[in-house]
Colleague: 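Structure below; questions to follow.
Numbered from 1 within each chain, the chains take letters A, B, ... in sequence-line order. Quick caveat, the model's predicted, so the values are computed rather than measured.
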Amino acid sequence: MLRHASKMILGQGLRSPPTRAVAVGAGTPRMYHERVVDHYNNPRNVGSFDKNDPNVGTGLVGAPACGDVMKLQIRVDDDTGKIVDACFKTFGCGSAIASSSVATEWVKGKQTEEVLTIKNTEIAKHLSLPPVKLHCSMLAEDAIKAAVKDYESKRAKSNASEEAAPVEKAADA
Amino acid sequence: MWKKKLYSSTTLLTILLRTRKIPKIHSPNSVSHKNITLLDPLLQTSASFSSSSSSSPFVEIEGLSFPTVGGIFFGGPTFHRENVNLFTKKKNSFCSESKSAKKLQCWNCDATADGTTPFLVCQSCRSVQAVNHSINYFQILGVERKYNIEVEKLEGKYKNWQKKLHPDLVHSKSQREREYAAEQSARVINAYRTLTDPLSRAIYILKLENVVVDEEERITDPELLAEIMELREAVEEAEGNQALNQIKAQIQDKMQYWCKSFEDAFLNKKYEDAIASIQRMTYYKRANEEIIKKL
């Protein structure tokens, strides 16, 4: 406690939480798991699809307490219902980026119904996320569900009417 | 938690009953609406007394009457004043220093706090006092408890406090005082930092009203998220300091707008709106941090 207090006084400040995407070399006691670092250094599936494309479902979720925002997009084959491609864009900590990256990897090649069963606990386990970062994996799970929901509602709309359906985002998780 | 608190009182009991055989303690007033059972592991005695105000103020222990206050037996002359708080205030946090709201006393010279300034340092002997969490940050820095405070005034008060309780000033004093100085100083620093930054001030002032911003909440508001997404992308793609500064200025404007919005919501006790404002401010703050990193 004394040391903690003196650290504060010396201005070594603990103000900003160690959640910024900093490579492990910073030497902080809280380390990112190597898988997280890998996803951060070698990002896979970063990018954007055209959200007006009827085959694309876009899931946009955010964690306001930490200022994270995550976008996950899936491209679905209409005939088979299989997710043929996925991409993501996440602004947030390393764990959030890695979680969404893992999510895009896992949804590829699966059916839309199937990916709804992906649980945040699986993502968290895969990345060895510490308890304080579990909400990042929750965010990724939410993003997957939101993307599927968006795609489904687009399909429903285009089936219902002839006109081009506007993109409808899920209003609640 | 009850048992833990009561245990410290049982040690008094044990002192008093040390030479006695295991007594059965009966309260003369057995009719009560609340009963506290005291378990003393040393004596394996159980004493039960009523916590309601009993007409008979005495508890009988082996034929001896002991005075009680509010039906609760405190012990004899060795009774320490702090224990009043254990029984009279339910949610009082137990601390080695007296936390009674009525009288704050210096641990060193027993002078009472005069109540004009927050009791961080004794006026008479200048000893640093233990941290008292019931003194909030606004009180420490001597500003009104409202959102729209004058930030310039904070620095002066902060420095004044540090002149009195910085750990460097007490390095020749007792271990106890050095610890107090370290904790007290850290608390003052926290107070200063929390109140100078508009966002942390907003979160803190809500916390004082017992409205806590949920750390793990997730949102799917498409408009807000799309806006933030675009903002962050713009920051990422911006080339050159001019472009970045432009975006920074835009963010400043938005921050001011939402600070005002928070204040209005807070004053009208519309805490949902207040939290929404805080969320916005958090997002803008993050974007701002990214810009600063790039600059």
Colleague: Rounded to the nearest 0.5 Å, what's the gap from OG1 on T220(B) to NZ on K149(A)? Could you check?
Modeller: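 Here the rounded value is 8.0 Å.
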Colleague: Crowded around K82(A) NZ? As in, over 12 foreign heavy atoms under 6.0 Å?
Modeller: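 It does not: K82(A) NZ has 12 such atoms or fewer within range.
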Colleague: At what distance, to the nearest 0.5 angstrom, does CZ of R286(B) lie from CZ of F91(A)?
Modeller: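 If we round to the nearest 0.5 Å, R286(B):CZ and F91(A):CZ are 14.0 Å apart.
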Colleague: If you draw a 6.0 Å radius around CD in E122(A), do more than 12 non-hydrogen atoms from other residues or ligands fall strictly inside?
Modeller: yes
Colleague: With a 6.0 Å cut-off (strictly less than), is the heavy-atom count around CZ of R126(B), excluding the residue itself, greater than 12?
Modeller: no
Colleague: Measuring from D68(A):CG to I228(B):CD1, what's the distance to the nearest 0.5 Å?
Modeller: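 The distance works out to 12.0 Å.
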Colleague: What distance separates I219(B) CD1 from D142(A) CG, expressed to the nearest 0.5 Å?
Modeller: 11.5 Å
Colleague: Around atom CD of Q246(B), are there more than 12 heavy atoms from other residues, nucleotides or ligands closer than 6.0 Å?
Modeller: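 No, the 6.0 Å shell around CD holds no more than 12 heavy atoms from other groups.
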Colleague: Heavy-atom distance under 4.5 Å to chain A: side chain of E236(B), backbone, both or neither?
Modeller: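 It is the side chain, since no backbone atom gets that close.
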Colleague: In terms of heavy-atom contacts, does CD of E113(A) have more than 12 from other residues, nucleotides or ligands at under 6.0 Å?
Modeller: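 Yes, enclosed.
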Colleague: Could you check R218(B) against V61(A) for side-chain contact (heavy atoms from CB on, under 4.5 Å), going step by step and ending with a plain yes or no?
Modeller: CA-CA 7 Å; R218(B) 300 172 309 275; V61(A) 295; 5.8 Å; no
Colleague: Checking A287(B) against chain A: side chain, backbone, both or neither under 4.5 Å from a heavy atom?
Modeller: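 When you check distances to chain A, no heavy atom of A287(B) falls under 4.5 Å.
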Colleague: Just how far is it from atom CD of E217(B) to atom SG of C66(A), taken to the nearest 0.5 Å?
Modeller: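 The SG atom of C66(A) is 11.0 Å from CD of E217(B), to the nearest 0.5 Å.
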Colleague: Drop me the distance from M229(B)'s CE to K71(A)'s NZ, to the nearest 0.5 angstrom.
Modeller: 5.0 Å
Colleague: Under 6.0 Å from the OH atom of Y257(B), do we count more than 12 heavy atoms belonging to anything else shown?
Modeller: no
Colleague: Kindly check if the number of other-residue, nucleotide or ligand heavy atoms within 6.0 Å of NZ (K164(B)) is above 12?
Modeller: no
